[in-house]
*Asks:* 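Quick one: the structure is below, and I'll ask about it shortly.
Chain naming here is simple, since letters A, B, ... match the order of the sequence lines and numbering starts at 1 in each.
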Amino acid sequence: MTALTAIEAVRTALDEALAADDRVFILGEDVEAGGVFRATEGLRARYGERVIDSPLAESSIIGVCIGAAHYGLRPVAEIQFADFIHAGFDQLCSEASRWSYRTLGDAHLPMVVRTAWGGGVHGGQHHSQSIEAYYAHMPGIKVVAPSFPADYRSLLHAAIADPNPVLFLEHKRTYRLFRQEMDGAPAETRIGKARVTRQGGDLTIFAYGLMLHESLAAAETLSGEGTECTVVDLLTLNPLDRETILDSARATGKVLIVHEDTLTGGLGGEIAAIIAEHAFEYLDAPIRRVAGPDIPPIPFHHAMEDFFMPNRDKIASAARELAAY
Amino acid sequence: MAATRATRPPRSQKTIDEYLLSEQQLEDMYYHMLLARKLNERMLALNRQGRAPFVIAGAGQEAAQVGAAMALRKGTDYLAPYYRDLGMNLVFGMTAREAMLNLLAKRDDPNSHGRQMPSHWGNTARKVVTQSSVVTTQFLHAAGIGLAAKLRKDPIVVMACCGEGSTSRGDFHEALNFASIHRLPVIFFVQNNGYAITEKNEKEMAVEHVADRKRAYNMQGAVVDGMDAIAVYQTVRPAVDEARKGGGPHLIEAKCYRLWPHSSDDDDSRYRTKNELEEWSLKDPIKLFRERVESDGIFPRGDLDEIEARVEEEIREAAQWALMQPDPAPEDALGFVYKEL
Ligand SMILES: Cc1ncc(C[n+]2csc(CCOP(=O)(O)OP(=O)(O)O)c2C)c(N)n1
Ligand SMILES: [Mg+2]
């Protein structure tokens, strides 16, 4: 296999899953023609009626996948933009997340909802948002947000194999950011494991999605200044990998959490609380967060969008202050 | 009860043309309607005694429920019911004991083991789809099951149920639209009982009949007298057969009446008159059924008394038994949030 972009990795995983298991099918808007991001390009020709255009109705996409998963198929739903998933919130929150719980596991839903999220693409108010916090708040649903192409491939396989509903978040800016070599079969991966992407003794940065790459860039800059950062790619946002979070926080004593999502009620609060509750004695500085400001995300004009988005410079300057504390 | 049954020859299994049902099926129909009503009566009594926190019943809708459910194939077809559908669940195999376990939120209630309110049905083995309190979401689940069955080429039918008020929600539209686009084997069965809690039909819709909307989806449909179990069966059965053969979804509206308040917590004197109630009580579907089969000479007068006795005994025993069954332990609240790999 050659080097793949993230979107190619997604397409590859879908192709592999459709080929391996005839219970797998895709349902979403425009997927027969390949989808607006081309994630499903070529799949209709190869898998026919298992790649299905849905009407423009998000509650349908999710609700129908619930029924099909209950029947024993393995639906992979595509919600074109994460900003439009909320019409299906009820189906995820009131139904999918409780299916196993309310039947004591007699019934369960092996389904995946893929969706494109994130800012930095001039998408304005409704093609830019971070939606993870709403959905990571639901016990019963797993939320995954990769940032490297190889993880897109292996985690999408893990999501399809998982017997539970998985919300699979694909950051639009990571789709074509760079290529990654992927030889042979996808790596064996478990949902629920974070990864230490860079090791350093001075402080830990927790991030996911596009912000993971921005955090790595910031860590590189800081390294040139003599400050070494650990960078943790969270990968799964629900359930969080508490062990890796706590190990890294304890090892460096200083913690910076980065997300594009707005500050209040964002996942940073939960991560900070986990560390404050269980690693308080190890901390050498207050926990810092770099996040979007508390305004309805994201204003369209590029100057305002840049103002909204966390980036490597904002992360580096917060990290510098934290290192100096 | 086996002993009482043995005292007379078994009912004929032969279909009576005029009914599309056999003597045996007609007896089963009566039995299930009566069992549903009498269970609901006992449940309400337990509520008034302070032994059951909440009752939501199907009184007045037994003919619609039993007539429609009998048109499905037990063990093959799927049911996505709503909270009043005790009658449907009984046809699908729920026992009086299980109904009582459910009412009392006992540990062994097969529906949700005390995790949901009473009358939130679900039994995966019997192909009853687990249901929440949120109305109409199950319409999309039914469409999804229909889509899956179509992809697998399985000749099954799904029936989704709700009340007429619930048809105002977006998921109703989305499900009918989706099912019709793909010509899925789904029967959307709406029980129009005149009220959505306090709201009459005209506050829920500007059309006269829910089933008028079939045209908007280019699907088949019908309005049927929901107080007449035989008419319901005769309407639903051909629709089920057609859907099974790939004929696409149907929207069937059964006109019935909610003979009781919305729930054990509701006082219906706030919004409807005694007169109205009395008029509808004359059309009690269980009474009407018995009068018809007796006056048509299917069963000699008094012949069905035996069923009444059987139902009474079954319920008495079930309630007594269920009250003694274990409650869930507090920490049973944990677990099964995720299905293990
Ligand atoms: C989405 C949603 N909104 C509100 C309620 C509260 N509620 C429960 S039953 C009901 C009325 C439903 O009326 P209808 O669909 O006609 O069914 P019926 O109770 O008459 O059988 C309402 C408003 C609910 N359960 N779900
Ligand atoms: Mg009603």
*Asks:* Check the pair Tyr71(A) / Tyr78(B) against ring-ring contact (aromatic ring centres under 6.0 Å, His included), numbers first and verdict last.
*Replies:* CA-CA 10 Å; Tyr71(A) 193 78; Tyr78(B) 279 71; 5.5 Å; yes

*Asks:* Please classify the contact between Glu49(A) and chain B as side chain, backbone, both or neither, with a heavy-atom cut-off of under 4.5 Å.
*Replies:* both

*Asks:* If you count heavy-atom pairs under 4.5 Å between each of Leu109(A), Asp22(A), Asn164(A) and chain B, which one has the most?
*Replies:* Asn164(A)

*Asks:* Counting only heavy atoms closer than 4.5 Å, note whether Ala160(B) contacts chain A via side chain, backbone, both or neither.
*Replies:* neither

*Asks:* Considering only heavy atoms, which portion of Ile62(A) lies under 4.5 Å from any heavy atom of chain B: side chain, backbone, both, or neither?
*Replies:* neither

*Asks:* Can you tell me which of Ser132(B), Gly122(B), Ser112(B) forms the most heavy-atom pairs within a distance under 4.5 Å of chain A?
*Replies:* Ser132(B)

*Asks:* Any side-chain heavy-atom pair from Glu95(A) and His141(B) closer than 4.5 angstrom?
*Replies:* yes

*Asks:* Is it the backbone or the side chain of Leu73(A) that comes under 4.5 Å from a heavy atom of chain B, or both, or neither?
*Replies:* side chain

*Asks:* Which answer fits Asp90(A), side chain, backbone, both or neither, if we ask what part of it has an atom under 4.5 Å from a heavy atom of chain B?
*Replies:* side chain

*Asks:* Only counting residues at least two apart or in another chain, list the ones meeting side chain to side chain contact (heavy atoms under 4.5 Å, CB included) with Ala161(A).
*Replies:* none

*Asks:* Counting only heavy atoms closer than 4.5 Å, note whether Ile52(A) contacts chain B via side chain, backbone, both or neither.
*Replies:* side chain

*Asks:* Under a 4.5 Å heavy-atom cut-off, does chain A meet the side chain of His182(B), its backbone, both or neither?
*Replies:* side chain

*Asks:* Looking at every non-hydrogen atom in both residues, tell me the closest pair between Lys339(B) and Pro163(A) and how far apart they are.
*Replies:* O-CG, 3.5 Å

*Asks:* Counting distance only, does the side-chain N/O of Ser100(A) pair as donor-acceptor with the main-chain N or O of Phe336(B) below 3.5 Å?
*Replies:* yes

*Asks:* Calculate, to the nearest 0.5 Å, the distance between atoms OG and CZ belonging to Ser60(A) and Phe139(B) respectively.
*Replies:* 13.0 Å

*Asks:* So which part of Arg98(A) gets closer than 4.5 Å to some heavy atom of chain B, the side chain, the backbone, both or neither?
*Replies:* neither

*Asks:* Against chain A, label Gln138(B) side chain, backbone, both or neither, depending on which of its atoms sit under 4.5 Å from a heavy atom there.
*Replies:* neither

